[in-house]
2 protein chains.
Amino acid sequence: MSSCTNKPTLDAEEALLLKNQICFPLYSAANAVIRAYRPLLEALELTYLQYLVMLLLWEKDGVSVKDLGQQLHLDSGTLTPLLKRLEAKQYLTRGRSETDERIRVLNLTTEGKKLRERALTVPGAMACKVTLDTNELIQLRNLCEKIIDRLEGDDHPG
Amino acid sequence: MSSCTNKPTLDAEEALLLKNQICFPLYSAANAVIRAYRPLLEALELTYLQYLVMLLLWEKDGVSVKDLGQQLHLDSGTLTPLLKRLEAKQYLTRGRSETDERIRVLNLTTEGKKLRERALTVPGAMACKVTLDTNELIQLRNLCEKIIDRLEGDDHPG
DNA sequence: AGCAATTAAATTGTGCGCAATCTATATAAG
DNA sequence: CTTATATAGATTGCGCACAATTTAATTGCT
């Protein structure tokens, strides 16, 4: 019953032009960012998503797959194989919770903990590549989080 | 020789917290957007990227793989298999240029042209899901394009 | 205790993204 | 004309994302 009453800025014809696609720059920027991280993370043998997982483990060791999924907005279909790769690299172990055998408990290895030192330069190097000022970064974050909020909860009403 | 003289807002330790990752919301928002497009594009049997390619062809029929790649910031490794899928769906043909046999010429089929009618409602439906106002959309686009500009040309100096 | 419903994670299959490499055509230089 | 170089696209291989399904453990209900 919730029909959208948003007044469109463009007519339907104009709206189909690539230059008027709201989300295309978002999509391209995200790709560009991941590409830009690649050389920085190469030395750590991490992909961008693996790096995000390591960030979370460095903050809080011993989390579950579900914990990771909620924080990263990803499911086990993405995370399970990724975690196996991080396990194969000896950065973490994939144990089981003692109180609930269903739950994987992800723990950093010594190697995984040591990796953090070498990651300390990554955020700075990335900031240098992007060179947005603090205001722009905050704006961008707010806009992106607004989008995520609107799209993630299909359920709650307007 | 171009060392970055950007003054960091955070120290190296804080910079490794997920909540301080500039680009994580960008990455998550892009994922969320593609996910949100999925049900809208299902009826057209298109993925988000296939939809972008169709948008370009509806604007200008007969382009090459290189043309597409430059506009979408993607290479033949991504586009070739995608274009084969669109060809299999009978939305386009993958011919060759008469003057240069290396070049693929992508042409819409009748079916592909007809699809445009059914796509006319997609931008509006998406705008309803995202519900950012015009100012926010412009801000977002500008910020994303800034990022793309900074990251895409590794070559030109500051 | 016994059984249905729920939950956590794994699995399967499709489609990107992209680096690296390869093939074929076209152009340039000698 | 011939060899070198450049260009357009295809191929290969890996790692996401994610829908859909499956497996196994736990919880709730009676």
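In what follows, every heavy atom counts, from backbone to side chain, and hydrogens, waters and symmetry copies are set aside. Residue numbering restarts at 1 for every chain, and letters A, B, ... go by the order of the sequence lines. Note that this is a predicted model, so its numbers are computed, not measured.
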*Asks:* Please state how far atom CG in B:Leu74 lies from atom P in D:dC16, giving the value in whole angstrom units.
*Replies:*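 Those two atoms, CG and P, are 19 Å apart.
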*Asks:* Can you check the A:Leu46 CG to D:dG15 C1' distance for me, whole Å?
*Replies:*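 Taking CG of A:Leu46 and C1' of D:dG15, I get 13 Å after rounding.
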*Asks:* Looking at B:Lys84, does any N or O in its side chain come under 4.0 Å of the phosphate oxygens OP1/OP2 on D:dT11?
*Replies:*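 The answer is yes; a side-chain N or O of B:Lys84 sits under 4.0 Å from OP1 or OP2.
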*Asks:* Indicate yes or no: at least one non-hydrogen side-chain atom of B:Gln50 is less than 4.5 angstrom from one of B:Glu45.
*Replies:*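 SC-SC contact between B:Gln50 and B:Glu45 ruled out.
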*Asks:* Taking B:Asp67 for its side chain and B:Ser64 for its backbone only, find out whether a donor-acceptor pair lies under 3.5 Å.
*Replies:*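 Looks like yes, one N/O pair under 3.5 Å.
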*Asks:* Which nucleotide, D:dA19, D:dA10, C:dT6, lies nearest any side-chain atom of B:Arg35?
*Replies:*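 Per side-chain heavy atoms of B:Arg35, the pick is D:dA19.
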*Asks:* When you measure from the side chain of A:Gln50, which nucleotide among C:dA8, D:dT11, D:dG15 comes out closest?
*Replies:*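 Side chain of A:Gln50 sits closest to D:dG15.
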*Asks:* Using atom CG of A:Asp75 as one end and atom P of C:dT11 as the other, report the distance to the nearest whole Å.
*Replies:*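 Checked: the CG to P distance equals 14 Å.
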*Asks:* With nearest nucleotides of DNA chain C determined for A:Leu83 and B:His73 from heavy-atom distances, which residue corresponds to the more 5′ nucleotide?
*Replies:*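 Taking each residue's closest nucleotide, the earlier one in sequence belongs to A:Leu83.
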*Asks:* How long is the line joining CD of B:Gln70 and C1' of D:dA8, in whole Å?
*Replies:*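 These atoms are roughly 11 Å apart.
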*Asks:* When you get a sec, tell me which of D:dA10, C:dG17, C:dA10 is the closest nucleotide to the side chain of A:Val65?
*Replies:*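 So the side chain of A:Val65 is nearest to C:dA10.
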*Asks:* If the plane angle is over 60° it's perpendicular, under 30° parallel, otherwise tilted; pick one for A:Phe24 and B:His73.
*Replies:*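 Answer is parallel, since the angle falls under 30°.
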*Asks:* Kindly say whether B:Thr80 contributes a backbone atom to a donor-acceptor pair with the side chain of B:Arg94 at under 3.5 angstrom?
*Replies:*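 No, because the side chain of B:Arg94 does not come within donor-acceptor range (under 3.5 Å) of the backbone of B:Thr80.
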*Asks:* Of the candidate nucleotides C:dC18, C:dA9, D:dA19, which contains the atom at the shortest distance from the side chain of A:Ser64?
*Replies:*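 Given the options C:dC18, C:dA9, D:dA19, the side chain of A:Ser64 is closest to C:dA9.
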*Asks:* With a 4.5 Å limit on heavy-atom distance, are the side chains of A:Glu136 and A:Leu140 in contact?
*Replies:*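 No - every pair of side-chain heavy atoms lies 4.5 Å or more apart.
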*Asks:* Send over the distance from B:Leu79 CG to C:dC16 P, rounded to a whole Å.
*Replies:*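 B:Leu79 atom CG is separated from C:dC16 atom P by 10 Å.
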*Asks:* As a test of reading the structure: which of C:dC18, D:dT26, C:dT25 is closest to the side chain of A:Arg38, going by heavy atoms?
*Replies:*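 Nearest to the side-chain atoms of A:Arg38, counting from C-beta on, is C:dC18.
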*Asks:* Mapping A:Pro81 and A:Glu101 onto DNA chain D by nearest heavy atom, which one lands closer to the 5' end?
*Replies:*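 Looking at DNA chain D, the more 5' nearest nucleotide goes with A:Pro81.
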*Asks:* Just how far, in rounded Å, is P of D:dA8 from CG of B:Leu68?
*Replies:*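 Taking atom P of D:dA8 as the reference, CG of B:Leu68 is at 13 Å.
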*Asks:* Just to be sure I understand the rule, does A:Thr78 reach a base, reach only the sugar-phosphate, or reach nothing, if contact means heavy atoms closer than 4.0 Å?
*Replies:*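 The answer is base, as A:Thr78 lies within the cut-off (heavy atoms under 4.0 Å) of a base atom.
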*Asks:* Does any N or O donor sit under 3.5 Å from an N or O acceptor when you compare the side chain of A:Arg102 with the base of D:dT26?
*Replies:*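 When only heavy-atom distances are counted, A:Arg102 does not reach the base of D:dT26 through any donor-acceptor pair under 3.5 Å.
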*Asks:* Nearest to the A:Asp100 side chain among D:dA17, C:dG17, D:dA25, which nucleotide is it?
*Replies:*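 Comparing D:dA17, C:dG17, D:dA25 against the side chain of A:Asp100, the answer is D:dA25.
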*Asks:* When the distance from CZ of A:Arg96 to C1' of D:dA25 is rounded to whole Å, what number comes out?
*Replies:*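 About 9 Å, once rounded to whole Å.
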*Asks:* Side chain of A:Arg85, heavy atoms from C-beta onward: which of D:dC16, C:dA10, D:dC18 has the nearest atom to it?
*Replies:*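 Nearest nucleotide to the side chain: D:dC16.
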*Asks:* Could you give the CG-to-C1' distance, from B:Asp67 to D:dG9, as a whole number of Å?
*Replies:*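 Checked: the CG to C1' distance equals 13 Å.
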*Asks:* Are A:Leu18 and B:Leu40 joined in one hydrophobic group, where the rule is that I, L, V, M, F, W and Y side chains link up if heavy atoms are under 4.5 Å apart?
*Replies:*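 As far as the 4.5 Å side-chain criterion goes, B:Leu40 and A:Leu18 are connected within one cluster.
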*Asks:* DNA chain D: B:Ser76 or B:Asn31, which has the more 5' nearest nucleotide?
*Replies:*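 In this pair, the answer is B:Ser76.
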*Asks:* So, is A:Lys66 near the phosphate of C:dA10, with a side-chain N or O under 4.0 Å from OP1 or OP2?
*Replies:*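 Checking C:dA10 against A:Lys66, no side-chain N or O comes under 4.0 Å of OP1 or OP2.
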*Asks:* With a 4.0 Å cut-off on heavy atoms, is A:Leu82 in touch with a base, just the backbone sugar-phosphate, or nothing at all?
*Replies:*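 Here A:Leu82 touches the backbone only, sparing every base.
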*Asks:* Below the 4.0 Å mark, does C:dG15 have OP1 or OP2 next to a side-chain nitrogen or oxygen of B:Thr47?
*Replies:*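 Checking C:dG15 against B:Thr47, no side-chain N or O comes under 4.0 Å of OP1 or OP2.
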*Asks:* From D:dA8, D:dC16, D:dA17, pick the nucleotide closest to the side chain of A:Ile34?
*Replies:*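 Output: D:dA17.
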*Asks:* Do other residues, nucleotides or ligands put more than 12 heavy atoms under 6.0 Å from A:Glu59 CD?
*Replies:*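 Atom CD in A:Glu59 is packed in, count exceeds 12.
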*Asks:* Out of D:dG9, C:dA10, D:dA19, which nucleotide sits closest to the side chain of B:Ile103?
*Replies:*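 Side chain of B:Ile103 sits closest to D:dG9.
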*Asks:* Let's see if you can work this out: which of D:dC16, C:dT25, C:dG17 has an atom nearest to the side-chain heavy atoms of A:Tyr27?
*Replies:*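 The answer is C:dG17, which lies nearest to the side chain.
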*Asks:* Does a nitrogen or oxygen in the side chain of B:Arg104 sit under 4.0 Å from OP1 or OP2 of D:dA10?
*Replies:*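 Yes, B:Arg104 has a side-chain N/O under 4.0 Å of OP1/OP2 on D:dA10.
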